[in-house]
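This report concerns only the one structure given below.
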Amino acid sequence: MAMRFRPVWIRQLGFLIQLYFPGNGSEPYYENTLKSGDILFDKRDQKIMNFKNLWTDLTKGLLHESGHEATNRYRILRRNIFILMILITIIPLIIMAVIYQHEYHSSIKQEIVIPLQTLTHKTRHTFELFFEERLSVIRFIASSYSFKELSDQKTMNRIFNVLVNEYCCLVDLGLINKKGIQLSYAGPYDFLGKDYSEQKWFQEVVVKGTYISNVFMGYRKFPHVAVAVLRRTEDGEALILRATIDTSKFDDIIASMGLNPESDAFLISRSGIIQTSSRFYGEIMDQCPLSFPPGNYEPIVTEATDPRGREILVACAPFSSAEYALVLVKPKSDVLHTWHTLRSKMLFIFISSVMLIILVVLKLTDTLVKRVKEADEKRELAYREIQHTHKLASIGRLAAGVAHEINNPMAIINEKAGLMKDLVAFDDQFRKKEKFLGLTDSILKSVERCRAITHRLLGFARRMEVQLVELDLNELIQETLGFLEKEALYRNIELVLNLADNLPLISSDRGQMQQVFLNIINNALAAVEDEGEIVITSWEEDSDTVGVSIQDNGSGMSEETLKSIFDPFFSTKQENGTGLGLAITYGIVKKMGGDIKVKSKQGEGSTFTVYLPKKTKIGPGE
Amino acid sequence: MNKCEDKEVAFFGKITAGITHELKNVLAIIRESSGLMEDIISISPEAIVKYQEKIQNSMIRIKEQIKRGVNLTDRLNKFAHSTDETIAKIDLQETIEQLVTLAQRFARLKHVELKTVPPSQEDPPVTLVTRHIQLQMVLFASLECCFTVMSGGGEINIGIRKLEGKNTVHVVCKGDLPGQSEFSRNISESEKWPVLQEIADCLEGSVDLDETAHGIVMRFPDEISR
Amino acid sequence: MKNLKILLVDDEEEFVTTLAERLELRGLQARTALNGEAALQMIEADTPEIVILDVLMPGIGGFEVLRRIKAQHPQIPVILLTGRGSEKEGVKGMGLGAFDYLMKPLNIEELIKKMQEAIESQP
């Protein structure tokens with residue numbers, strides 16, 4: 001698989017999949033190093049271990065830099081912080097907005113629905129009262145007068161005239177007997193003698209005792225409603241008094257609802273025929289286009305779309321006393337006007353908040369990452385400065401050591417030459433030929449010694465420019481030891497070298513490697529007592545790595561000390577020592593792509609082991 | 001970070017290498033002298049008498065070279081210790097004298113003689129708190145600048161003068177030189193001039209062409225900001 | 001000065017034997033010891049009248065030898081030999097009881113003069 005070219009997260013997703021769905025033939029990234037004979041882990045432990053590896057890999061990719069990816073690190077950091085902050089701020093905002101929207105919607109709806117219900121309820125009550133009132137007058141008349149009186153036309157007329165004056169909307173009044181024949185009639189029509197026995201209303205009033213009709217088109221094509229009551233007299237006569245009312249009062253009642261021009265209210269019959277004038281939904285006697293849920297007595301508010309395409313709220317309140325229902329229609333946009341204003345306000349606030357948040361987060365993230373970058377750069381700079389100072393100081397110390405070392409052989413030459421002079425002065429004969437030869441020979445030996453010392457320094461001085469070279473670690477170690485041998489000699493410290501033959505060369509920076517080994521060996525010399533021993537071993541660790549260990553039999557370190565040994569400014573030396581030597585050494589080795597480990601036991605000694613890659617990962621000029 | 005720190009190690013290496021070369025020369029002479037004596041002595045006891053003078057000269061030479069070698073190692077030691085502290089209290093005259101000693105060999109190659117101007121007795125010694133290595137670097141760079149424009153050789157005098165301000169170092173060139181304005185122009189066009197300015201900058205000092213004499217004037221603050 | 005018993009202590013054999021020879025040519029007998037332990041043994045066996053002592057030696061080191069000499073034979077003057085640029089060591093040595101110090105490479109005339117001073121300063 002060309003894994004290299006896929007972005008990190010896809011690869012990691014792939015691992016996760018492979019982890020839980022193994023066995024598709026391709027090698028999992030985390031090698032299953034268990035062989036069939038191993039009984040140390042079961043599959044689950046293996047998965048846990050693989051998961052741990054996966055987690056380290058994930059976080060390593062996200063949080064740690066690794067060479068060339070360092071430059072992307074800030075971009076990734078910026079992106080991650082931005083996303084995180086946006087999510088943290090906007091998600092609650094969205095949740096809040098959604099919740100508020102929901103709550104408001106339902107509460108507003110409530111506030112709209114309830115008044116509608118109330119209005120409908122009240123108006124229906126008014127209608128029912130109206131009907132009841134009409135019925136009670138008719139009932140009163142039916143009760144107060146005898147059958148005989150009512151069947152008298154003159155009486156009927158008289159009653160009618162009184163009623164008309166006192167009583168609104170009356171159109172006609174008449175008496176009908178139990179056979180359904182109109183016996184008397186006062187009114188505009190000519191119903192005298194009419195037979196209603198076949199008519200439904202008659203059958204109903206006979207059974208129920210009262211009757212209220214739906215609207216019908218009557219005299220001069222105005223809408224009318226008929227009401228009738230039945231009274232059974234003592235002598236078995238059925239007295240049916242019937243009156244017709246016009247619906248002008250209906251309109252008044254409806255008008256009193258005080259609806260705005262977009263709304264509509266009207267009565268309908270049980271079968272949905274419009275009973276009073278409707279603004280939008282048809283003429284009287286038309287079928288109402290709206291549909292209504294099967295009635296309870298309580299007014300129900302439903303949402304619907306009317307034939308004109310408007311979103312409407314419909315309140316429907318069926319009458320209990322008559323076969324009517326009061327319908328109230330309010331357009332949603334009307335009632336929900338406040339809701340819509342609120343909603344658009346909320347949307348505006350939401351959008352501007354989001355934009356503001358994004359702007360602020362962008363700026364903040366930018367500043368934050370810039371600060372982080374600056375801090376990192378400052379730290380890097382400070383580290384480099386310290387490293388430089390440390391390097392220069394150790395170079396200085398080496399050179400001073402050399403100056404010191406040359407002293408002895410020069411003192412010897414001095415004495416030898418002095419002795420020669422003395423011999424010449426004290427003995428004219430020059431008999432000491434062999435003696436002289438011995439002396440000149442000594443001089444030459446000392447000169448050679450000085451030469452070796454200065455040669456070492458010269459080589460060191462010459463190579464002070466930073467460069468990436470093929471290094472022979474054995475040779476470098478021996479050169480470094482050359483500078484420190486005298487001290488070891490003075491203190492009777494034995495230096496044992498187990499340097500591997502044919503140790504592969506490593507590509508590295510000579511100056512820095514010198515610094516590393518100078519530091520570690522110096523530490524070993526400091527740790528070890530006089531007459532102690534330091535063993536330096538080098539070997540090829542694997543195909544990519546070379547290892548060097550420096551072991552001393554000094555006082556060793558406690559667990560505590562071991563933990564902090566590479567920390568900056570940690571020092572076990574009371575007086576001198578900046579505490580930076582090992583920290584810098586650690587830094588150099590790590591930067592080279594290598595590793596450094598310590599093992600120590602108090603009273604037995606310490607071993608520092610340095611692993612170096614054959615091919616270094618950094619560039620020159622560090 | 002002081003941007004001249006990159007050059008410090010190279011400078012250290014250059015000077016150290018110079019001293020070491022000289023030491024090698026010292027050793028070479030000792031070896032030759034000793035070898036000569038050996039040769040003479042090997043011939044016969046009589047030869048010793050015959051070439052007595054040669055033997056004596058050899059011994060004198062060896063003694064002289066030892067003295068010279070000791071001087072060199074003293075110088076190396078002092079120089080090596082200038083890395084002990086990045087910023088230190090420095091006696092300017094002493095530093096100039098030491099640097100001149102270190103630079104002699106480079107000057108010799110260019111047929112230039114270096115001389116230090118002794119300080120006047122009345123003036124107190126000038127002490128600077130600054131970067132020791134870089135101070136030596138700037139003095140050395142000023143000499144190098146002069147070397148490049150004194151192709152015929154000559155003499156350079158370097159010293160502290162109290163005329164203009166406190167910490168002024170004058171580098172004055174003598175010899176078969178063109179007119180002052182042309183000489184100054186040559187200096188400012190030499191390849192070492194921008195390097196010199198950069199190091200003076202790192203030390204928070206300044207370097208200018210001398211308007212009255214053939215040479216360079218350098219000024220340094222009493223104390224460098226850390 | 002002629003019969004002065006001198007003990008030279010220095011780990012550089014070539015140096016110390018040549019110096020002894022030169023002193024001998026000048027009529028001064030000097031024994032040599034190549035390290036601190038040998039020096040102390042020789043002092044016990046046959047007490048010298050003056051000790052010329054190198055400070056930088058392996059083993060028990062110059063300063064320790066100085067301490068012990070001053071502890072057991074305080075009357076013996078000790079002249080220290082130091083490396084160059086090591087005034088500190090010389091001063092330290094004098095603090096421990098050395099008469100004076102000289103820097104290597106030596107000037108033999110100077111050494112003899114110093115030894116004379118040391119002997120004369122003895123009560």
Side-chain angles (χ1 to χ4, degrees), chain A residues 381-382 384-385 388-389 391-407 410-411 413-414 416-418 420-421 424 428-437 439-444 446-448 450-451 453-466 511 621, chain B residues 1-2 5-6 8-10 12-21 23-24 26-28 30-31 33-42 44-49 52 55-56 58-63 65-67 69-70 72-86 133:
Chain A
L381 231 55
R384 237 178 276 173
E385 174 135 12
H388 173 82
T389 311
K391 177 183 192 171
L392 211 57
S394 52
I395 289 172
R397 259 178 275 137
L398 273 182
V402 162
H404 194 89
E405 226 187 301
I406 284 190
N407 223 258
M410 293 216 287
I413 296 173
N414 194 46
K416 299 285 179 185
M420 289 180 76
K421 204 163 143 233
V424 166
D428 294 333
Q429 310 288 164
F430 296 110
R431 275 169 294 189
K432 310 258 163 73
K433 175 176 155 184
E434 288 80 28
K435 182 86 191 152
F436 270 88
L437 286 175
L439 289 172
T440 52
D441 197 43
S442 274
I443 289 176
L444 288 174
S446 289
V447 165
E448 195 41 49
C450 288
R451 228 194 47 79
I453 297 167
T454 52
H455 189 74
R456 206 188 314 137
L457 182 62
L458 192 62
F460 190 75
R462 277 210 192 114
R463 282 179 240 138
M464 272 177 196
E465 315 100 76
V466 174
Chain B
M1 152 129 149
N2 190 295
E5 273 181 8
D6 291 340
E8 281 179 14
V9 174
F12 193 92
K14 188 171 183 169
I15 300 293
T16 310
I19 295 173
T20 319
H21 277 299
L23 275 170
K24 289 198 144 184
V26 162
L27 297 172
I30 295 174
R31 193 200 291 139
S33 304
S34 188
L36 176 61
M37 287 197 284
E38 192 175 30
D39 293 343
I40 294 173
I41 293 161
S42 305
S44 65
E46 291 74 36
I48 299 173
V49 182
Q52 189 183 336
I55 289 182
Q56 295 211 345
S58 295
M59 289 196 257
I60 291 171
R61 255 202 310 276
I62 290 177
K63 260 235 148 31
Q65 290 310 307
I66 288 293
K67 196 160 164 208
V70 166
L72 282 168
T73 52
D74 279 350
R75 256 180 267 156
L76 177 64
N77 194 40
K78 272 214 188 81
F79 182 67
H81 281 293
S82 45
T83 64
D84 285 351
E85 293 169 337
T86 319
I133 286 266

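Chain A is the first sequence line, chain B the second, and so forth, proteins listed ahead of strands; every chain is numbered from 1. Side chains are part of it too, since the values below use all heavy atoms of this structure and drop only hydrogens, waters and symmetry mates.
Separating the NZ atom in B:K63 from the CD1 atom in A:I413 is a distance of 11.5 Å, to the nearest 0.5 Å. Between the CD1 atom in B:I30 and the NZ atom in A:K416 there is a gap of 14.0 Å [rounded to 0.5 Å]. Interatomic distance, CG of B:L27 versus CE of A:M410, reported as 8.0 Å (0.5 Å rounding). Taking CG of A:L457 as the start and CG of B:L76 as the end, the distance is 6.0 Å to the nearest 0.5 Å. With rounding to the nearest 0.5 angstrom, the CZ atom of B:R31 is 11.0 Å from the SG atom of A:C450. Considering CG of A:N414 and NZ of B:K67, their distance stands at 11.5 Å, rounded to 0.5 Å.
With chain A as the partner, the residue from B:I15, B:L23, B:T86, B:T73 showing the most heavy-atom pairs under 4.5 Å is B:T73. Per-residue counts of heavy-atom pairs under 4.5 Å with chain A were compared for B:I19, B:T20, B:I62; the largest is that of B:T20. Chosen from A:A411, A:A393, A:G418, the residue pairing most often with chain B at heavy-atom distances under 4.5 Å is A:A393.
Proximity to chain A involves both the backbone and the side chain of B:V70, based on heavy atoms less than 4.5 angstrom apart. Using a 4.5 Å cut-off between heavy atoms, B:I133 touches chain A through its side chain atoms alone. Both the backbone and the side chain of A:L392 come within contact range of chain B, with heavy atoms under 4.5 Å apart.
The minimum heavy-atom distance linking A:A400 with B:N77 is given by the pair CB-OD1, 3.5 Å. Smallest separation of non-hydrogen atoms from A:G396 and B:F12: CA-CZ, 3.8 Å.
Among A:V447, A:L439, A:D441, A:L444, the single residue meeting the side chain to side chain contact (heavy atoms under 4.5 Å, CB included) criterion with B:S34 is A:L444.
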